[in-house]
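Residue numbers start from 1 in every chain, and the chains themselves are labelled A, B, ... in the order their sequence lines are given, proteins ahead of strands.
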Amino acid sequence: MPGKILCVAEKPSIAKAVAGHLSGGQYQTANTGSTYIKNYSFTFDFGPPWGNCNAVMTCVSGHLTKLDFGPEFNDWNYPPPEKLFDGPVHVTIDEDNKAVSTNIERLARGSRALFIWTDCDREGEYIGSEVRQEALKGNNRLEIKRARFSNIERAHVIRAAKHPIDLDERQVDAVAVRIELDLRIGYAFTRFQTTTLRALGGPLGDATISYGSCQFPTLGFVVDRYFRVKSFVPEPFWGIRVTHKRDDINVVFTWARNRLFDRATVIILFERCIAAKTARVTKVQEKPTSKWKPLPLTTVELQKVASRLLRMTSQQAMTIAESLYNKGFISYPRTETDRFDKGMNLMALVEKQTQDNRWGAFAQNLVNGAFKQPREGRHDDKAHPPIHPIAYCAPTGLRPEEGRLYEFITRRFLACCSEDAKGQATDIELEYGDEIFHTRGVIVLERNYLNVYPYENWTNSTMLPNFMLGERLEPTEAMITDGQTCAPGYLTEPDLIALMDANGIGTDATMAEHIAKVKGRNYVFTRPRAGGGGGRSRGFNDGEGEGAEAPTGREARGGRGGRRGGAGGGRGSEGGTGGVEEFIPSTLGVALVEGYDRMGLETSLSKPFLRKELEQRLKAICEGRVSRGEVMRESVRQYKSVFLESKERVELLKAVRQLSLCLFLFCYVSWPGHRVCGTVN
DNA sequence: GCAAGGTC
């Protein structure tokens with residue numbers, strides 16, 4: 001044999017799966033000093049120039065190293081926190097990673113080459129560089145390669161093993177910058193905020209007032225919505241509604257202009273309608289319509305749905321998903337990908353579900369020919385497939401909440417593999433005076449995926465009577481309706497996740513942690529949404545793969561007669577009712593955000609802009625447009641200047657002895673009409 | 001005692 005090849009994956013599941021494929025199942029397993037990690041030995045023909053080689057496959061467990069300040073920075077007061085922006089930092093290996101790194105170092109000694117099998121995302125590239133570092137300690141003549149793979153299908157993995165590439169140093173650099181900046185900025189501001197606040201005594205005497213580049217924007221979203229709700233001023237609007245009774249059916253026609261905010265105009269337009277006496281049918285159109293099946297499941301979507309329909313917090317959902325993953329029932333639960341790789345054998349996965357007594361018959365029907373390739377979303381992290389069941393699990397084998405999540409994931413998967421729901425829509429348009437009105441009737445013809453996916457629904461609208469194109473009719477009733485815009489609701493967890501996602505705050509794996517963090521720090525709290533919750537249409541994008549902008553502005557609620565036209569046509573209603581938790585900032589949370597916002601909104605630490613800018617700079621590093629050093633210097637300069645300005649303000653306030661007037665940090669002036677919300681303890 | 005990112 002021409003020499004041994006050492007393969008290292010990012011986590012045990014990948015090591016095992018890859019070893020299985022490359023060895024054809026013929027491998028020897030050896031324990032290591034780490035409980036979770038095993039070494040798999042086998043032979044494999046890596047192709048030229050390697051040929052048939054002995055190989056050992058092992059792994060790490062996420063990041064191997066840690067960045068930290070030395071003991072000279074242990075004291076929070078001295079050296080002063082601004083020194084954390086340029087003080088020396090060191091790479092260390094945690095105690096629980098010692099065994100992992102010595103395993104790699106030892107295996108590297110007898111190897112000719114290292115093949116890195118970490119996930120093909122930015123963090124994975126960096127973890128690959130950590131592995132390289134350790135391996136080179138054992139053998140500095142080691143040749144370093146990297147396997148490029150986006151799923152663990154057999155053929156794909158074998159191809160990756162035979163066509164390795166090099167580590168992408170730019171991605172490694174980008175992550176190195178992220179790690180160092182998060183550390184410096186997080187520590188500096190956390191120490192500054194905490195020590196400043198504690199000096200004030202009171203109820204916050206021993207609280208930790210942490211700052212983080214993700215937790216603060218998360219808090220910022222909650223505060224922002226809070227003020228939008230509090231400062232909302234309803235605006236009245238008016239509309240026109242026409243009804244016509246035929247064959248004992250009351251058909252409601254809605255106004256093409258929907259509503260106007262000027263009453264006099266509406267009255268004039270309405271009078272022209274009345275003056276016309278009759279309306280003319282200008283369009284009668286029947287056409288097929290469909291309700292699209294859902295997209296393949298991503299982590300963000302899983303978290304949103306879990307809190308909306310399954311009554312779990314996003315963090316609970318992730319914990320449960322991880323346990324299902326570790327038991328081998330579902331695929332890797334942290335993914336941004338909403339399209340299945342063409343090569344994946346989805347039918348085999350569907351087949352495994354045929355034995356279930358809830359959805360087995362549906363799955364069998366797919367196997368028998370009803371199977372349809374899933375829709376393809378626009379996201380692909382090139383590292384993991386969408387979340388899907390990989391083994392069947394009977395409900396008795398799971399805890400109740402695991403069962404509910406497994407059921408959702410499975411039904412979602414089966415829905416993806418079936419046909420859109422089909423219906424027939426009838427659109428009728430009236431011209432009345434100078435105004436246009438329409439109505440729509442929908443008949444659901446085939447429910448298809450809806451039969452396995454009870455989380456969505458689609459129902460027939462009221463049956464429409466026949467109308468003839470060109471006919472004139474006298475409306476049974478025409479009236480002016482009125483209503484007023486109503487305040488948006490406080491943020492819910494799905495809203496918050498959507499905002500974080502849209503603004504690049506955190507990753508699929510960490511968003512739930514940031515939300516838990518701002519709760520744990522008493523920056524925000526949740527409470528059940530008051531007032532039943534049923535009446536308000538949130539207009540929330542249901543994850544159809546479009547941009548995930550969460551609802552922000554005002555929404556209208558009709559007053560008398562202000563209902564939207566035609567029940568069918570669009571999206572159906574969702575199954576979840578009531579029990580929605582809403583996010584409210586605490587006094588402390590508001591004070592923190594206000595304090596930083598007062599220094600300028602574009603650079604406020606509570607806003608997502610700085611983090612977004614950093615993300616763009618990291619991307620620039622990955623594209624080779626700028627160096628790691630330049631980004632590091634510029635970002636440190638930027639954050640340090642915000643830091644020094646904050647510090648100056650505090651000093652100023654101390655000097656003029658106004659501290660008793662300011663809640664903390666900077667001058668927090670009471671918002672007009674703003675009642676301090678919640679308590680800190 | 002502080003971050004965010006991996007992962008068990």
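For the pair A:Glu180 CD and B:dA4 C1', the computed distance is 14 Å after rounding to whole Å. For the pair A:Asp381 CG and B:dG6 P, the interatomic distance rounds to 11 Å; values are reported in whole Å. The distance between atom CD of A:Glu123 and atom P of B:dT7, rounded to the nearest whole Å, is 9 Å. Following rounding to the nearest Å, A:Ile179 (CD1) and B:dG6 (C1') show an atom-to-atom distance of 9 Å. Between A:Arg521 atom CZ and B:dG1 atom P there is a gap of 12 Å when expressed in whole angstrom units. The separation between A:Ile127 atom CD1 and B:dT7 atom P is 6 Å, rounded to whole Å. For the pair A:Glu513 CD and B:dG6 P, the computed distance is 9 Å after rounding to whole Å. Remark: P of B:dG1 and OH of A:Tyr187 are 10 Å apart, rounded to the nearest angstrom.
The residue A:Thr118 sits apart from the nucleic acid: no heavy atom pair falls under 4.0 Å. Residue A:Gly506 is in sugar-phosphate contact alone, with no base atom involved, counting any heavy-atom pair closer than 4.0 Å across all strands shown. If you check every strand for non-hydrogen atoms under 4.0 Å, A:Glu322 touches nothing. Within the 4.0 angstrom heavy-atom criterion, no nucleotide atom of any strand lies near A:Phe189. Among the heavy atoms of the strands, none lies under 4.0 Å from A:Arg184. If you check every strand for non-hydrogen atoms under 4.0 Å, A:Tyr325 touches sugar and phosphate atoms only. Across all strands, A:Leu614 comes closer than 4.0 Å to no nucleic acid atom at all (heavy-atom distances). Across all strands, A:Thr35 comes closer than 4.0 Å to no nucleic acid atom at all (heavy-atom distances). A:Lys66 comes within contact range of at least one nucleobase, with a heavy-atom separation under 4.0 Å.
Contact between the side-chain N/O atoms of A:Arg198 and the OP1/OP2 oxygens of B:dC2 is not found at any separation under 4.0 Å. For the pair A:Arg334 and B:dT7, the criterion of a side-chain N or O lying under 4.0 Å from OP1 or OP2 is met. At B:dG5, one or more side-chain N or O atoms of A:Thr510 fall inside 4.0 Å of OP1 or OP2 (strictly under the cut-off). Proximity of A:Gln193 to the phosphate of B:dC2: no side-chain N or O atom is located under 4.0 Å from OP1 or OP2. Under 4.0 angstrom from either OP1 or OP2 of B:dA3 there lies at least one side-chain N or O belonging to A:Ser210. The phosphate of B:dG5 has OP1 or OP2 within less than 4.0 Å of a side-chain N or O from A:His514.
None of A:Arg178, A:His63, A:Gln171 except one satisfies the side-chain contact (heavy atoms from CB on, under 4.5 Å) rule with A:Tyr126; the exception is A:His63. Each of A:Tyr187, A:Phe216, A:Tyr523 was evaluated against A:Tyr211; a single residue qualifies, A:Phe216, per the ring pair (Phe, Tyr, Trp, His ring centres under 6.0 Å) test.
Checked against B:dG6, B:dT7, B:dA3, the side chain of A:Thr190 finds its nearest nucleotide in B:dA3.
When atom types are taken as modelled, the side chain of A:Gln316 and the backbone of A:Thr313 share a donor-acceptor pair closer than 3.5 angstrom.
Comparing A:Gln215 and A:Trp76 by the nucleotide of DNA chain B whose heavy atom lies nearest to each, the residue mapping closer to the 5' end is A:Trp76.
Salt-bridge check for A:Glu615 with A:Lys619: failed, with every basic side-chain N at 4.0 Å or more from each acidic carboxylate O.
The two residues A:Ile390 and A:Gly328 make their nearest non-hydrogen contact at CG1-O, 3.3 Å.
Residue side chain A:Tyr211 fails the stacking definition with respect to B:dA3, as its ring centre and the base's six-membered ring centre are not both under 5.5 angstrom apart and under 30 degrees in plane angle.
Two residues are said to be in side-chain contact when any heavy atoms from C-beta on lie closer than 4.5 Å; A:Thr299 and A:Glu336 fail this criterion.
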